[in-house]
Amino acid sequence: MPRTAIAGTGMIGRVHLDAVRRTGAPVVGVSASTPARAKEAATALGVERAFDSSEELVTSDEVDVVHICTPNDAHARLAELALRAGKHVVCEKPLTTSSAEADALAGLARARGVVAAVPFVYRYHPMAAEARARVRDGRAGEVRLVHGHYLQDWLALPEDTNWRVDAVAGGPSRAFADIGSHWFDLVEWVTGHRVVELTALTQTVDRAGGRPATEDVVQLLVRTDGGATGAVTVSQISPGRKNRLWFEVDGARTALAFDQEAPESLFVGSRGENVEALRDPALLSPEAARLSVVPGGHPMGYLDCFAAFVRDVHTAVREGGTGGQDAPSFPTFDDAARMVRLTEAVLASAADRSWKEVD
Ligand SMILES: NC(=O)c1ccc[n+]([C@@H]2O[C@H](COP(=O)([O-])OP(=O)(O)OC[C@H]3O[C@@H](n4cnc5c(N)ncnc54)[C@H](O)[C@@H]3O)[C@@H](O)[C@H]2O)c1
């Protein structure tokens with residue numbers, strides 16, 4: 001079992017810890033923002049070692065796989081150190097806060113031949129995988145339209161804040177880099193289409209203290225390489241919406257709609273009868289059934305997605321790595337670098353009010 005260590009023990013670091021433990025791999029250590037906090041976290045979480053720094057953790061001889069769960073601005077530096085030390089790396093999104101760094105990291109991961117993964121974990125919802133299978137096997141028909149939104153409310157009030165709001169710790173984009181990237185990774189994965197052109201409008205609300213903040217809202221129009229068009233709203237100021245990632249893919253035969261907050265079913269619309277397809281492994285496509293680890297009617301969710309993602313990543317590590325990015329089942333640094341490029345196109349489009357091509 002690969003010896004694993006986790007840099008950053010905030011909300012998502014603990015989710016990674018739980019997911020790694022579910023694979024049976026040993027978590028040998030954690031790091032935090034200070035040595036004292038790392039000790040506290042190690043004790044609270046039952047982890048043997050508290051590293052004095054994340055730099056020490058990601059280069060340690062005691063570690064095979066590092067999980068980078070720090071604020072965004074530390075990702076690039078820690079991931080590069082880890083790759084150069086020969087580690088397999090799971091790095092949180094956004095992979096970096098600039099596309100030059102993201103492309104360089106993806107290239108370095110390929111050159112090193114290690115596993116380099118980024119948790120765009122919504123791909124691991126069985127009913128999202130079912131939507132993908134229905135596009136791939138032709139049941140949906142040619143995809144003509146993608147639309148939807150990703151809405152949260154935790155920054156709705158003027159006094160709401162977090163390190164993510166700061167353009168240094170969070171990066172120049174917030175709403176899009178933080179959650180819009182999840183929507184696009186998921187919908188590109190489901191449809192097999194890639195966004196080739198976009199135009200975006202951003203909105204930033206006044207926050208207490210009057211400090212400059214990054215965007216709270218992005219409204220987008222997109223065109224894909226498969227000839228589809230799309231419209232998407234991304235917001236972190238939508239009261240009552242906690243983590244509402246919703247998409248619809250309209251094919252020539254059926255429409256498929258998925259709601260991350262109600263992930264046990266998939267809406268299948270048609271000119272005849274509409275169906276709410278339920279997560280029952282006996283009825284699902286093989287990939288969706290593989291992810292469906294308990295029988296229908298026993299609700300699965302976000303933590304199960306994370307566990308499945310980490311299971312796939314650690315399996316690749318145990319089997320000798322993916323040698324780079326040859327079609328592994330999990331989202332890679334290449335996928336994440338693409339989302340950073342998309343993020344930059346969004347900001348550039350909003351800045352000069354134009355359409356931008358995305359490579
Ligand atoms: N994939 C997902 O679904 C998902 C969900 C949530 C967060 N994230 C990503 O995970 C990262 C962390 O987010 P979070 O919600 O856990 O934030 P958080 O604020 O809950 O936790 C971040 C932790 O990192 C610590 N930290 C700061 N500098 C550090 C350093 N140099 N080394 C180690 N620890 C350090 C902070 O003290 C804090 O405890 C972000 O990049 C975020 O975008 C991804």
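Numbering of ligands and ligand atoms starts at 1, following listing order. Sequential numbering from 1 along the given sequence is applied to the chain's residues. All of these numbers come straight from a predicted model, not from anything done at the bench.
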TODO: Evaluate the side-chain proximity of M127 to M300: yes if any heavy-atom separation is below 4.5 Å, no if none is.
DONE: no

Open item on the list: Between D312 and R123, does any NZ, NE, NH1 or NH2 come within less than 4.0 Å of an OD or OE carboxylate oxygen?
Closed with: no

Open item on the list: In the complex you have, is atom 12 (C) of ligand 1 within reach of the protein, judged by whether a heavy-atom distance drops under 4.0 Å?
Closed with: yes

Quick one: look at [X] and ligand 1, take heavy-atom pairs under 4.0 Å, and tell me if it's side chain, backbone, both or neither.
{"X": "K93", "value": "both"}
{"X": "D178", "value": "side chain"}
{"X": "F120", "value": "neither"}
{"X": "C69", "value": "backbone"}

Going by heavy atoms, is [X] under 4.0 Å from ligand 1?
{"X": "Y302", "answer": "yes"}
{"X": "A74", "answer": "no"}
{"X": "Y122", "answer": "no"}
{"X": "R14", "answer": "no"}

Task: Summary of ring pair (Phe, Tyr, Trp, His ring centres under 6.0 Å) pairs that have at least one residue in residues 222-244, sequence neighbours excluded - done: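 Qualifying pairs, neighbours excluded: none.
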
Task: Proximity winner for atom 14 (P) of ligand 1, if only heavy atoms of E92, R164, H16 are counted - done: R164

Task: Numbering as shown, the atoms of ligand 1 that approach G8 to under 4.0 Å (heavy-atom distance) - done: 33 (C), 34 (N)

Open item on the list: salt bridge (charged side-chain N to carboxylate O under 4.0 Å, His left out), that's the test. Do D64 and K87 meet it? Break it down for me.
Closed with: CA-CA 6 Å; D64 305 309; K87 310 301 177 196; over 6 Å; no

Open item on the list: In this structure, is the centre-to-centre distance between the rings of H182 and H125 below 6.0 Å?
Closed with: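 No - the distance between ring centres of H125 and H182 does not fall below the 6.0 Å cut-off.
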
Open item on the list: Using 30° and 60° as the class boundaries, would you call the ring planes of F309 and Y124 parallel, tilted or perpendicular?
Closed with: perpendicular

